[in-house]
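Okay, so here's the structure we're looking at.
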Amino acid sequence: MDIVWARHPVEGFILGRLSEILGDEVEVSPLDLKYSKVTLPYVDVYPASREECTKDFDDNCEMMFLNEGSLLNNIRIRYYKNKIYTYVANILIAVNPYKEIPTLYSKDMLKSYQGKSLGEKPPHVFAIADKAFRDMKVFKESQSIIVSGESGAGKTESTKHLLKYLCDMWGAHAGPIEQKILDANPVLEAFGNAKTTRNNNSSRFGKFIEVHFDKKFQVVGGHISHYLLEKSRICSSQGEERSYHIFYLLMAGGPEALRQQLYLTKPDDFNVS
Ligand SMILES: Nc1ncnc2c1ncn2[C@@H]1O[C@H](COP(=O)(O)OP(=O)(O)OP(=O)(O)O)[C@@H](O)[C@H]1O
């Protein structure tokens with residue numbers, strides 16, 4: 001084995017060379033001399049490829065060694081190039097950029113993924129939406145897209161882009177039904193999203209969104225099932241966290257009569273913790 005990825009408490013993984021094998025542990029000499037020699041359990045050391053560790057790959061499966069070290073390295077190199085999406089075969093990994101990446105979700109970008117097979121173009125959430133749409137047409141079966149990740153990972157944003165693609169697919173303006181599906185989001189977020197320490201717009205409920213298509217593959221309706229709303233937040237929340245957005249929206253812009261009826265004054269008058 002030439003070089004290896006060695007687990008590191010700050011960097012995740014660093015490149016090194018195996019210098020000694022000691023039973024269940026190995027000694028690794030880092031290539032970058034700013035790090036000192038480390039002794040690690042064998043399970044925290046993975047094979048690496050010298051050519052691969054400076055390149056980036058659209059699909060992690062293209063790499064010779066697919067392990068935690070090489071996977072994180074690929075995602076990290078891509079992230080620094082503003083390439084937030086990476087495939088693992090037909091699974092899409094998205095890294096939250098916490099900033100707007102110009103043209104990433106533009107109309108031209110949206111159109112450019114239309115009818116393209118997965119992998120034909122750089123990884124993108126639009127490609128996943130298009131694959132689901134095409135598979136529905138070809139197999140004449142409902143398709144599901146599962147969006148998962150920890151709080152703040154970008155699930156809500158990714159879901160909005162998926163919906164936008166499906167409802168606005170041919171680059172034309174969304175029709176009335178498509179627009180209604182897209183417009184439902186701000187209302188749902190007002191009643192179900194709140195500021196937490198991890199995410200200023202955290203969804204405090206799970207949702208199952210259905211987009212219904214007719215035989216001509218036009219959007220004819222939608223349905224959103226919600227479950228497990230964190231009801232306790234209505235009465236109390238911890239530390240820096242807040243109640244649901246609707247509470248503050250009503251105080252900021254609700255009709256005077258309604259505000260009086262609900263005893264809503266200004267946010268500072270309320271201690272939600
Ligand atoms: N693709 C993206 N481009 C730019 N910013 C993003 C993107 N995805 C997420 N963000 C930013 O990160 C924030 C958190 O993302 P989001 O609300 O989608 O997370 P989440 O996974 O739905 O979290 P939760 O489980 O708490 O609801 C967003 O409000 C947005 O500012």
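Residue indices begin at 1 and follow the sequence shown. Note that the coordinates shown come from a computational prediction; the quantities given were computed from them, not determined experimentally. Only heavy atoms go into these numbers, but all of them, side chains included; no hydrogens, no water, no symmetry mates.
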Answer yes if Y244 and V187 sit in the same cluster of Ile, Leu, Val, Met, Phe, Trp and Tyr residues linked by side chain heavy atoms under 4.5 Å apart, and no otherwise. yes

Linking I/L/V/M/F/W/Y whenever any side-chain heavy atoms sit under 4.5 Å apart, do I77 and F13 land together? no

Hey, does the side chain of N67 reach the backbone of P47 with a donor-acceptor pair shorter than 3.5 angstrom? yes

Please step through side-chain contact (heavy atoms from CB on, under 4.5 Å) for the pair T103 and D108, ending with a clear verdict. CA-CA 8 Å; T103 72; D108 288 342; over 6 Å; no

Can you hop from V138 to F217 via hydrophobic side chains spaced under 4.5 Å? no

Interatomic spacing from CZ in F65 to SG in C53 - rounded to 0.5 Å: 11.0 Å

With distance as the sole test, does S106 use its side chain to make a donor-acceptor pair with the main-chain N or O of M109 at under 3.5 Å? yes

Check whether the side chains of T197 and E240 place a donor and an acceptor atom closer than 3.5 Å, and report yes or no. no

Taking 4.0 angstrom as the limit, do K83 and D58 come out as a salt bridge? no

Starting at CZ of R198, measure out to OG of S151 and round the result to the nearest 0.5 Å. 5.0 Å

So do the side chains of W5 and L15 get within less than 4.5 Å of each other, counting heavy atoms only? yes

Just by distance, do the side chain of K55 and the backbone of E51 share a donor-acceptor pair under 3.5 Å? no

Counting only N and O atoms by type, is there a donor-acceptor contact under 3.5 Å from the side chain of N74 to the main-chain atoms of F57? yes

Counting only heavy atoms from other residues, nucleotides and ligands, does the tally under 6.0 Å from NZ of K81 exceed 12? yes

R233 (side chain) donor-acceptor with R242 (main chain) under 3.5 angstrom: yes

Heavy-atom donor-acceptor pair, Q143 side chain to E141 backbone, under 3.5 Å: yes

Specify the closest pair of heavy atoms between Y46 and G69, including all atoms of both residues, with the distance to one decimal. CD1-N, 4.1 Å

What is the ring orientation for F270 with F247, classed by angle as parallel under 30°, tilted 30 to 60°, or perpendicular over 60°? perpendicular

Other residues, nucleotides, ligands: >12 heavy atoms within 6.0 Å of E100 CD: no

Backbone of S202 reached by a side-chain donor or acceptor of T196 within 3.5 Å: no

List the atom of L40, the atom of A6, and the distance in Å for their closest heavy-atom pair. CD1-CB, 3.6 Å

Flag side-chain contact, heavy atom, 4.5 Å: H223 against S225: yes

Is it true that L258 and I234 fall in one hydrophobic cluster, defined by side-chain heavy atoms closer than 4.5 Å? yes

Intermediate values then yes/no, side-chain contact (heavy atoms from CB on, under 4.5 Å), I128 and L118: CA-CA 7 Å; I128 298 291; L118 222 58; 4.2 Å; yes

side-chain contact (heavy atoms from CB on, under 4.5 Å) between L229 and F191, intermediate numbers included: CA-CA 10 Å; L229 176 71; F191 286 93; over 6 Å; no

With V26 as partner, the option from V4, L18, V38, T39 fulfilling side-chain contact (heavy atoms from CB on, under 4.5 Å) is L18

Evaluate the side-chain contact (heavy atoms from CB on, under 4.5 Å) criterion for residues K121 and S112: first the C-alpha distance (whole Å), next the side-chain angles of each, then the deciding distance (0.1 Å), finally the verdict. CA-CA 9 Å; K121 288 193 52 71; S112 74; 3.2 Å; yes

Return yes if some donor-acceptor pair links the side-chain N/O of R134 with the main-chain N/O of K116 below 3.5 Å, else return no. yes

Counting heavy atoms not belonging to L22, are there more than 12 under 6.0 Å from its CG? yes

OH (Y98) with more than 12 external heavy atoms under 6.0 Å: yes

So, for A132 and I145, which heavy atoms are closest and what is the spacing to 0.1 Å? CB-CD1, 3.9 Å

Just by distance, do the side chain of N96 and the backbone of G152 share a donor-acceptor pair under 3.5 Å? yes

Kindly check if the number of other-residue, nucleotide or ligand heavy atoms within 6.0 Å of NE2 (H212) is above 12? yes

Between the CG atom in N185 and the OG1 atom in T159, the distance rounded to the nearest 0.5 Å is 8.5 Å

Drop me the distance from D168's CG to L110's CG, to the nearest 0.5 angstrom. 6.0 Å

Heavy-atom count check: over 12 atoms from other residues, nucleotides or ligands less than 6.0 Å from I101 CD1? yes

Aromatic ring proximity, centroids under 6.0 angstrom, F133 and F213: yes

D183 and Q179 side chains, donor-acceptor separation under 3.5 Å: yes

Write down the atom of G16, the atom of V28, and the distance for their closest heavy-atom approach. CA-CG1, 3.7 Å

Side chain proximity check, S19 to K37, heavy atoms < 4.5 angstrom: yes

If I compare all heavy atoms of A190 with all of L249, which pair ends up nearest, and what's the gap? CB-CD1, 3.8 Å

Between E11 and R76, does any NZ, NE, NH1 or NH2 come within less than 4.0 Å of an OD or OE carboxylate oxygen? yes

Would you please test K160 and E189 for salt bridge (charged side-chain N to carboxylate O under 4.0 Å, His left out) and show each step? CA-CA 12 Å; K160 282 189 233 173; E189 290 193 6; 3.2 Å; yes

State, yes or no, whether a side-chain contact exists between I209 and L162 at a heavy-atom distance under 4.5 Å. no

I want to check something: taking the side chain as every heavy atom from C-beta on, are L92 and Y87 in contact at a cut-off of under 4.5 Å? yes

Output yes when a side-chain donor or acceptor of D59 lies under 3.5 Å from a complementary backbone atom of A89, and no otherwise. yes

How many angstroms lie between atom CD1 of I75 and atom CG of D56, to the nearest 0.5 angstrom? 11.0 Å

Determine the interplanar angle of the Y113 and H124 rings, folded into 0 to 90°, and report it as parallel if under 30°, tilted if 30 to 60°, perpendicular if over 60°. tilted

N201 pairs by side chain to side chain donor-acceptor pair (under 3.5 Å) with which of E157, H245, K195? H245

Taking side chain as C-beta onward, heavy atoms only, is I181 less than 4.5 Å from L163? yes

Taking atom CG of L188 and atom CD1 of I224, what is their separation to the nearest 0.5 Å? 4.5 Å

Same cluster for I14 and L33 if Ile/Leu/Val/Met/Phe/Trp/Tyr side chains link at under 4.5 Å? no

Quick check: do L104 and Y85 have side-chain heavy atoms less than 4.5 Å from each other? yes

One thing to verify: whether D269 and K266 come together as a salt bridge, which I'm taking to mean a side-chain N less than 4.0 angstrom from a carboxylate O. yes

Would a 4.5 Å heavy-atom cut-off, applied to side chains only, mark N60 and T86 as touching? yes

Which heavy-atom pair separates C167 from E178 by the least distance, and what is that distance? O-CG, 3.1 Å

